[in-house]
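Just so you know, these numbers use all the heavy atoms, side chains as well, and skip hydrogens, waters and symmetry mates. Every value quoted in this text rests on a predicted model; they were computed, and no experiment measured them. Counting convention: from 1, in listed order, for ligands and their atoms alike.
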Amino acid sequence: MRGGLDLGGTKIQAVVVDERSKVLGESRRPTPGEGGPPAVADALAAALGEAAGDAGVEPGALEGIGVGSPGAVDARAGTVAEARNIHDWGDDAYPLAAELSERTGVRVALGNDVQVAVDAEFALGAAKRSKSLLGVFWGTGVGGGIILDGEPWVGRGAAGEIGHMVVERDGALCPCGRRGCMEAYAGRGAMELEARRLVELGRETVLFEIMEERGRTRLQSGVWSRALKRDDELATELVDRAVAALGAGIASAVNLLDVETVVIGGGLGTRLGEPYVRRIEEAMRPHLFVSERPPELRLAALGDLGGAIGAALLVA
Ligand SMILES: [Zn+2]
């Protein structure tokens, strides 16, 4: 049995899987909002312990633990730096593998969070029968991962940043500081900023009401989905804008790579589900150069657990 941990900006997802990657136990807890990397290592160990308990094993009995982490991951050194969406994780490389190994008594392998989720969809999920894949993770940001001819393509370490494909020159401001990126329109973070700006200008919406009802401080995916179900005009407008940007950006990437399959995952992608995958497919159509042979567009099959299951694949 192997452990897998998906470290996100808001939550940690843990799984324990068997040799065929079947999930035997799982656990989820919030990512600590204080205490920096050591607190995160504690929380990862605790989540793993809970998942092991759920699977009925001692953590020490696991063959190994894989962690999918944001930021600059150095798998060989076992360190993570610049995980900016996690509180107080600075530029200094933190030895996450060694620290987590010390807390659990098991060896730890690190990987990039998006890439492990793409690897999981390729090995076990929606792209099992494909040779080439573009994974698009539509969440707080828009992440991506590429598999070409059966092999992950990471470039010089930074490939797959599909969220920063330019869909409009001199367009909306992106959280990365540049303008016109796909993420500036489709990232949940940017969508929330735009919603807040429009409300300040006097527009009405149920988004923030739903957010408060749900005891949230951010417009999580569930908040967007509820607002859409209530036909909220502003939410519909911003999601339509996101879909249009995704269509243009993904189609451009397909024009370059001509992959067989595109998998749509991420918090918003998973939550909005199949109908929105079809809408993205529709939005891509006018931009596809070889329009008579579009790639297959599929919803991520492993859903919320994909990142953690993919992380467990890091344990060779
Ligand atoms: Zn950007």
- Is Val67 close to Val80 at the side-chain level, that is, under 4.5 Å between some pair of heavy atoms?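 No. Closest side-chain heavy atoms not under 4.5 Å.
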- Item | Side chains of Thr205 and Asp232, donor plus acceptor under 3.5 Å |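 A pair is found: one side chain offers a donor N or O, the other an acceptor, under 3.5 Å apart.
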- Item | Any donor-acceptor N or O pair under 3.5 Å, side chains Ser101, Arg107 |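 No, no side-chain donor-acceptor pair sits under 3.5 Å.
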Taking only distance into account, with no hydrogens and no angle test, what donor-acceptor pairs under 3.5 Å do side-chain atoms of residues 49-56 form with protein atoms, sequence neighbours excluded?
from  : atom 1 : to    : atom 2 : distance (Å)
Glu50 : OE1    : Ser27 : OG     : 2.6
Glu50 : OE2    : Arg29 : NH2    : 2.5
Asp54 : OD2    : Glu26 : N      : 2.8

- If you leave out waters, which protein N, O or S atoms are less than 2.8 Å from the Zn ion (ligand 1)?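 Listed by chain and number, the nearby protein N, O or S atoms are His164 ND1, Cys174 SG, Cys176 SG, Cys181 SG.
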Only pairs under 3.5 Å count here: list side-chain donor-acceptor contacts from residues 109-122, not counting sequence neighbours, and write none if there are none.
from   : atom 1 : to     : atom 2 : distance (Å)
Asn112 : OD1    : Val114 : N      : 3.0
Asn112 : OD1    : Gln115 : N      : 2.9
Gln115 : NE2    : Asp119 : OD1    : 3.2
Glu121 : OE1    : Ala126 : N      : 2.8
Glu121 : OE1    : Ala301 : N      : 3.0
Glu121 : OE2    : Ala301 : N      : 3.2
Glu121 : OE2    : Leu302 : N      : 3.0

- Task: State which residues pass side-chain hydrogen bond (donor to acceptor under 3.5 Å, both in side chains) with Asp240; sequence neighbours excluded, sorted by chain then number.
- Result: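 Scan of Asp240 (side-chain hydrogen bond (donor to acceptor under 3.5 Å, both in side chains), adjacent residues dropped) gives Arg279.
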